[in-house]
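Both counts, for ligands and for their atoms, begin at 1 and track the order of listing.
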Amino acid sequence: MLFNQGCVVREMNEAGHNVIGALGKSGLDTAMLEALPGVEKAVPIPTPFKLVSRQWHPEDTVVQVGNVAVGGQRIVVIAGPCAIESRDQALTIARAVRRYGAVMYRGGAFKPRTSPYSFQGMEEEGLKILAQVREETGMPVVTEMTSPSQADMMAKYVDAVQVGARNMQNFELLKCVGRLGKPVVLKRGLASTIKEWLMSAEYILSEGNDKVILCERGIRTFEPYTRNTLDLSAIPVLKQLTHLPVVIDPSHATGIREKVSPMARAAVAAGADALMVEVHHDPDNALSDGPQSLYPEQFGQLTRDIYVIAPVVGKQLDFSYLDKAAEESMQTATQGKAIKTAIMGEIGTFSHNACIQYFGDDMPVAPKPSYRAIFEAVKAGDTQYGVIPLENSLTGSIHENYDLLLEYDLSITGDLTLRIVHHLIGKPGATMDELKTVIAPSQAIDQCRRFLDQHEGWQRVTVNATGSAVKAISQMENNDVAAIGSREAAQLFGMAVIETGIETNPRNYTRFVVIAAQPRSNGNRKRSSLVYSTGNQPGALFEILKIFTENQINLVKLESRPIHGKPWEYMFYADVETDVTTASFAPILEAIRKKTDYLKVLGAY
Ligand code: PEP
Ligand code: MN
């Protein structure tokens with residue numbers, strides 16, 4: 001019937017529903033469509049862009065570029081020079097940005113320059129160098145395609161193509177990259193509206209390629225102090241209009257080196273999924289865009305700042321992203337079985353969220369009824385990893401897990417800090433006035449004490465995890481029971497948020513660690529966790545701390561736990577900012593061993 005009406009028809013499956021998109025004809029009678037057998041709902045999409053719109057695809061799209069997922073909860077940092085100038089230049093910059101946290105590499109081989117006398121790029125030679133960068137560093141590579149005639153070369157050498165600002169409305173090029181099927185970074189035109197930009201994205205999707213990343217790179221305004229004006233408000237506007245991920249390019253947006261980092265930080269705070277930053281080791285001699293290129297060290301400082309900012313907005317910058325991706329694909333290849341991670345309680349818990357932020361959206365999870373059950377699952381090889389909380393900034397250590405780390409012979413292979421924002425969650429339509437009971441784990445009750453004390457009449461029921469609490473209310477008939485949990489849990493179980501942000505202090509962070517049967521085998525390990533006991537003689541603890549100090553080892557955490565059966569003797573858990581498993585650390589470890597009754601390395605990660 002839709003065909004008869006002259007519509008182009010697209011089919012997809014969205015969250016278990018079959019969705020049929022009818023494109024090209026307005027004014028279809030929705031009531032008539034809904035009367036057809038098998039049709040649950042007919043929704044008109046009022047915007048001129050259809051396939052890119054949120055109505056068409058309510059969930060965020062995650063664009064996979066090689067091992068890297070753009071649009072998930074991990075901030076993707078793309079970095080590299082404006083143009084590939086030589087193999088040496090490309091690799092020098094690549095090694096530096098990789099070390100500082102970039103997970104994807106950029107570099108132009110075909111440069112659209114304002115002047116025909118400026119350097120035009122190394123063309124195919126440049127693409128070959130990009131492929132070598134990927135080989136050597138493991139970073140997927142993205143480069144600009146300026147003409148459909150380059151399609152075969154792009155297919156051969158690179159992981160993603162960029163459509164430059166000047167080509168945003170080059171419709172033949174858009175159709176071509178749509179057919180090419182590679183992920184596309186679509187830059188916003190210098191003087192294009194968001195609607196025009198989304199219509200350009202629609203060209204690519206209408207060719208069957210939905211792997212589009214939108215790149216805001218500044219627009220032309222009357223302001224001459226910066227090269228362009230970075231439109232950060234485009235981020236929340238796009239997040240509402242479209243499901244496509246958004247990358248911010250603060251380099252072309254500002255054109256001035258020292259303006260790049262502040263805008264990059266702001267972009268992450270505003271909800272950008274990714275950053276694309278120009279970096280050059282010798283910007284004074286760069287063949288293009290030197291004045292806006294960061295020095296590698298400045299880029300390193302920026303990623304450290306982003307690492308701190310990202311958790312505030314519920315995301316992560318992951319310095320071992322590529323190492324982990326390589327390790328996972330290696331393990332799946334050698335063991336032939338799917339990797340799984342054990343988490344506490346239920347899906348939708350903060351542990352689940354931590355797992356997603358650490359491993360990405362596609363990590364399958366195995367919920368367990370207790371922390372001990374997580375350790376058991378990893379020990380038995382039922383799951384390769386477990387994610388457990390170790391400490392919370394408001395309520396302190398989760399002692400049980402420190403004790404389990406000692407008891408089991410497993411390794412810490414990674415850590416991450418998650419901001420914990422608690423919501424009061426109820427049945428859809430439930431109001432605060434009708435509540436009689438609130439269910440939550442005891443830690444969540446502690447973290448929301450001030451809010452709960454204003455509702456003393458509510459009965460408090462404890463369960464083992466926030467996800468379990470939200471699941472429990474979803475299975476109840478009555479509206480008078482609420483749960484405390486995350487927005488994700490509310491969504492997952494179809495529940496509604498009654499009150500947002502009820503934690504007493506918004507600086508509420510939990511540090512999680514990842515445990516595995518084997519130590520982390522690859523990547524650069526920055527931190528280690530140790531546990532030791534000293535016996536009960538004077539100065540024993542000081543002796544160990546002295547060794548750390550003398551070797552300039554930064555101690556970031558020290559926690560003591562009573563030893564069972566030995567009153568007034570303690571185990572010390574220490575986190576240090578170094579890799580204690582290296583050969584150069586061995587003598588220091590030996591010195592510590594001599595001063596302790598017991599010493600165990602819990603992991604380097
Ligand atoms: C570039 O990324 O180097 C570039 C030329 O960008 P834009 O198209 O945004 O000017
Ligand atoms: Mn440039």
Under a heavy-atom criterion of less than 4.0 Å, does Glu278 contact ligand 1?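 Yes; Glu278 lies near enough to ligand 1 that a heavy-atom distance drops under 4.0 Å.
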[X] neighbourhood, listing ligand 1 atoms whose heavy-atom distance to it stays under 4.0 Å:
X: Cys82; result: 3 (O)
X: Arg166; result: 7 (P), 8 (O), 10 (O)
X: Gly164; result: 8 (O)
X: Lys187; result: 1 (C), 2 (O), 4 (C), 6 (O), 7 (P), 8 (O), 9 (O)

Closest non-hydrogen protein atom to [atom], residue and atom name please, with distance?
atom: atom 9 (O) of ligand 1; result: Arg217 NE, 2.6 Å
atom: atom 4 (C) of ligand 1; result: His252 NE2, 3.4 Å
atom: atom 8 (O) of ligand 1; result: Ala165 N, 2.8 Å
atom: atom 2 (O) of ligand 1; result: Arg106 NH1, 2.8 Å

Hydrogens and angles aside, do Glu124 and Tyr157 bring a side-chain donor and acceptor to less than 3.5 Å of each other?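 Side-chain D/A pair, Glu124 to Tyr157: present.
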Presence of salt bridge, Arg188 and Asp249, under 4.0 angstrom: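 No, this pair does not count.
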Would you call Arg525-Asp579 a salt bridge at under 4.0 Å N-O?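 Yes.
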Result of checking Gln292, Arg257, Glu85 against His280 for side chain to side chain donor-acceptor pair (under 3.5 Å):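 Result for side chain to side chain donor-acceptor pair (under 3.5 Å) with His280: Glu85.
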I want to know if ligand 1 touches [X] in the polar sense, i.e. an N/O pair below 3.5 angstrom.
X: Glu144; answer: no
X: Lys111; answer: yes
X: Asp289; answer: no

Test Glu278 against His252 for side-chain hydrogen bond (donor to acceptor under 3.5 Å, both in side chains), laying out the working first. CA-CA 8 Å; Glu278 286 186 344; His252 294 88; 3.0 Å; yes
Among Arg106, Lys111, Arg227, find the one that has a salt bridge (charged side-chain N to carboxylate O under 4.0 Å, His left out) with Asp289.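 Among the candidates, only Arg227 passes.
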Backbone of Tyr225 reached by a side-chain donor or acceptor of Glu223 within 3.5 Å: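 Yes.
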Near the Mn ion (ligand 2), which protein N/O/S atoms are found at less than 2.8 Å?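 Cys82 SG, His252 NE2, Glu278 OE2, Asp289 OD2, with waters left out.
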Where does the angle between the aromatic ring planes of Tyr100 and Phe299 fall among parallel (under 30°), tilted (30 to 60°) and perpendicular (over 60°)?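 Perpendicular: the ring planes of Tyr100 and Phe299 meet at over 60°.
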Pairs under 3.5 angstrom only: tabulate donor-acceptor contacts from the side chains of residues 60-83 to other protein residues two or more places apart or in another chain.
| unit_1 | atom_1 | unit_2 | atom_2 | d |
| --- | --- | --- | --- | --- |
| Asp60 | OD1 | Arg54 | NH1 | 3.0 |
| Asp60 | OD1 | Arg54 | NH2 | 2.5 |
| Thr61 | OG1 | His243 | ND1 | 2.7 |
| Gln64 | NE2 | Gly66 | O | 3.2 |
| Gln73 | OE1 | Asn353 | ND2 | 3.3 |
| Gln73 | OE1 | Gln357 | NE2 | 2.9 |
| Arg74 | NH1 | Asp318 | OD2 | 3.2 |
| Arg74 | NH1 | Tyr358 | O | 2.9 |
| Arg74 | NH2 | Phe359 | O | 3.0 |

Min side-chain heavy-atom separation Val133-Arg87 under 4.5 Å: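 In short, these two side chains do not touch, never coming nearer than 4.5 Å.
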Any non-hydrogen side-chain atom of Val279 less than 4.5 Å from a side-chain atom of Ser293?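 Result no, sub-4.5 Å side-chain heavy-atom pair not found.
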Just to be sure I read this right, does ligand 1 sit under 4.0 Å from the backbone of Met276, its side chain, both, or neither, counting only heavy atoms?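 Neither; no heavy atom under 4.0 Å.
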Considering all heavy atoms, the nearest Gln316-Thr417 contact: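 Looking at all heavy atoms of both residues, the shortest contact is NE2-O, 2.6 Å.
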